[in-house]
Amino acid sequence: MPVFSALSGVACTELMKVTSNAAVVRMTAIFFIKRTQGFIHSFVKCFTEKKGHLLYTLHISMTYFKEVIVRVTGKIKCMKDLELFEALSEEEKQTVTKLARGLFYRKGDPIFSEGDPADTIYLVRAGRVLLYKISEDGKEIILDILQEDDIFGENTIFESVDHTMNAKAMEDTYVCTCAREDIPRLLQNPMTSLKIIKTLADKLNNYTEQMANLAFRDVKGRVMDVLQRLARDYGLNTPRGVKIDILLNHQDLANLVNASRVMVTNTLNDLKGEGRIAVFERRFYLTDRKATKEEINNAQQIKNA
Amino acid sequence: MHNRLKMLDYNKFNCSETAIRKLVRDLETARWVLYEIKQDSETGRVLKSIILMIEREGGGVAGDNGIINEKRLISSLIEAGFDGLLVTDAVNRLFGKIN
């Protein structure tokens with residue numbers, strides 16, 4: 001049963017439970033995706049092989065879904081679907097696909113470490129990646145949180161260098177990789193080059209914004225700024241407010257705003273008291289809708305300019 | 001015509017390569033600045049002061065054309081009490097003179 005052996009983690013355990021409870025030896029699984037209110041959900045449906053009775057429908061993460069598809073079909077299609085390559089012709093997309101290698105990382109797995117030789121560029125297909133450095137006193141200094149369509153390891157594009165930071169998967173993550181010697185072929189299409197330039201320039205703007213905030217704003221301003229930035233990237237509109245759909249604890253936030261955890265906890269309590277944020281099921285919500293909308297729009301305008 | 005187009009493509013590739021190289025270098029520098037400021041090192045404090053000086057006292061360290069005068073910037077930072085060597089290294093790295 002290649003489909004089941006292709007699954008892992010929670011999805012695998014759940015399926016095995018189904019198999020034993022239902023006392024069936026063979027099953028057929030159908031993997032499908034459904035779009036509801038703009039969100040994509042991935043599922044697996046299991047049927048008895050002989051009679052075709054539906055046994056189970058399981059909601060699985062997109063990362064698992066992609067892993068299964070890749071392993072079952074034996075094909076890696078990670079690169080050609082990326083926004084980065086949408087301007088390519090079908091033929092060019094096939095070429096790009098051949099250059100790519102898909103890799104899976106479980107939550108917490110290191111992707112690379114500082115000092116490792118860098119010879120690969122990474123594109124996040126699903127999941128989230130944390131870029132960080134360890135300070136001289138052993139503190140984890142967060143440099144960036146990456147999501148789908150982000151590029152990292154870009155310092156290897158033209159030169160043979162060592163990684164200057166660490167990268168690890170913040171959640172189950174699927175990345176496409178491309179070896180340095182193949183990168184010039186990716187850059188042959190001017191539209192792809194322009195998209196890479198835009199992605200890198202956006203990232204640089206984001207860092208500049210962070211630098212200015214660190215220099216000019218107090219902790220409260222920095223906390224609000226980080227939450228607004230995260231809302232821009234990971235925000236979902238809900239009746240409760242803008243939900244920041246990323247798991248962050250107070251220490252993570254403290255690392256992002258460069259303040260102590262105690263200070264950040266006190267600041268968050270102040271902001272909750274002022275009705276500007278709320279926390280529900282371990283997710284932050286920006287509740288001051290008017291201010292949030294204006295600030296996100298302003299940030300978006302600056303970004304577009 | 002075909003050759004002209006090929007040349008145009010080649011130029012585009014060359015331009016994008018130059019732009020990407022510059023961006024990759026700037027990103028590395030930006031991450032270094034963020035790291036130093038966040039770990040609150042002496043270099044981080046120098047870099048924070050540079051940001052403040054450029055933003056608040058732009059006239060003091062910038063020439064008439066708006067371009068930062070590195071020598072003037074270094075002098076101002078040393079006058080503010082920072083170590084000369086540290087300041088020179090930070091300014092040189094920030095302005096892309098060393099990697």
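Treat the numbers as computed from the prediction; the structure is a model and nothing was measured. Throughout, protein chains are lettered first and strands after them, A, B, ... in sequence-line order, and every chain is numbered starting at 1.
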For this session: Inspect the surroundings of CE in A/Met263 and state if more than 12 heavy atoms from other residues, nucleotides or ligands are less than 6.0 Å away.
Result: no
For this session: Look at atom CZ of B/Arg21 and say whether more than 12 heavy atoms of other residues, nucleotides or ligands are closer to it than 6.0 Å.
Result: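 Yes, CZ of B/Arg21 has more than 12 neighbouring heavy atoms, counting only those of other groups under 6.0 Å.
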Using every non-hydrogen atom in the two residues, find where [X] and [Y] come nearest and quote the distance to one decimal.
X	Y	value
A/Ala201	B/Leu23	CA-CD2, 3.8 Å
A/Ser135	B/Tyr35	CA-OH, 3.3 Å
B/Leu52	A/Ala215	CD2-O, 3.8 Å
B/Ile20	A/Ser193	CD1-O, 4.2 Å

Exercise. Heavy-atom distance under 4.5 Å between the side chains of A/Asn155 and B/Leu27, does that happen here?
Worked result: no
Problem set entry | Beyond-backbone contact of B/Val33 with A/Tyr207, side-chain heavy atoms, under 4.5 angstrom |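 No. Closest side-chain heavy atoms not under 4.5 Å.
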Engaged part of [X] at the chain B interface, taking heavy atoms whose separation is under 4.5 Å:
X	result
A/Ile183	neither
A/Leu194	neither
A/Asp144	neither
A/Ile141	side chain

Starting at [atom1] of [X], measure out to [atom2] of [Y] and round the result to the nearest 0.5 Å.
X	Y	atom1	atom2	answer
A/Leu131	B/Leu34	CG	CG	11.5 Å
A/Lys139	B/Asp40	NZ	CG	7.5 Å
A/Thr208	B/Ile51	OG1	CD1	9.0 Å

Problem set entry | Cationic N near anionic O, under 4.0 Å, A/Glu114 to B/Arg31 |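 The answer is no: the pair does not qualify as a salt bridge.
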Exercise. Chain A heavy atoms under 4.5 Å from B/Gln39: which part of the residue, side chain, backbone, both or neither?
Worked result: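 For B/Gln39, heavy atoms of backbone and side chain both lie under 4.5 Å from chain A.
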Exercise. Are any side-chain N or O atoms of B/Lys38 and backbone N or O atoms of A/Leu256, one a donor and one an acceptor, separated by less than 3.5 Å?
Worked result: yes
For this session: Under 4.5 Å, counting heavy-atom pairs only, tell me which of B/Glu36, B/Lys48, B/Lys22 racks up the most with chain A.
Result: B/Lys48
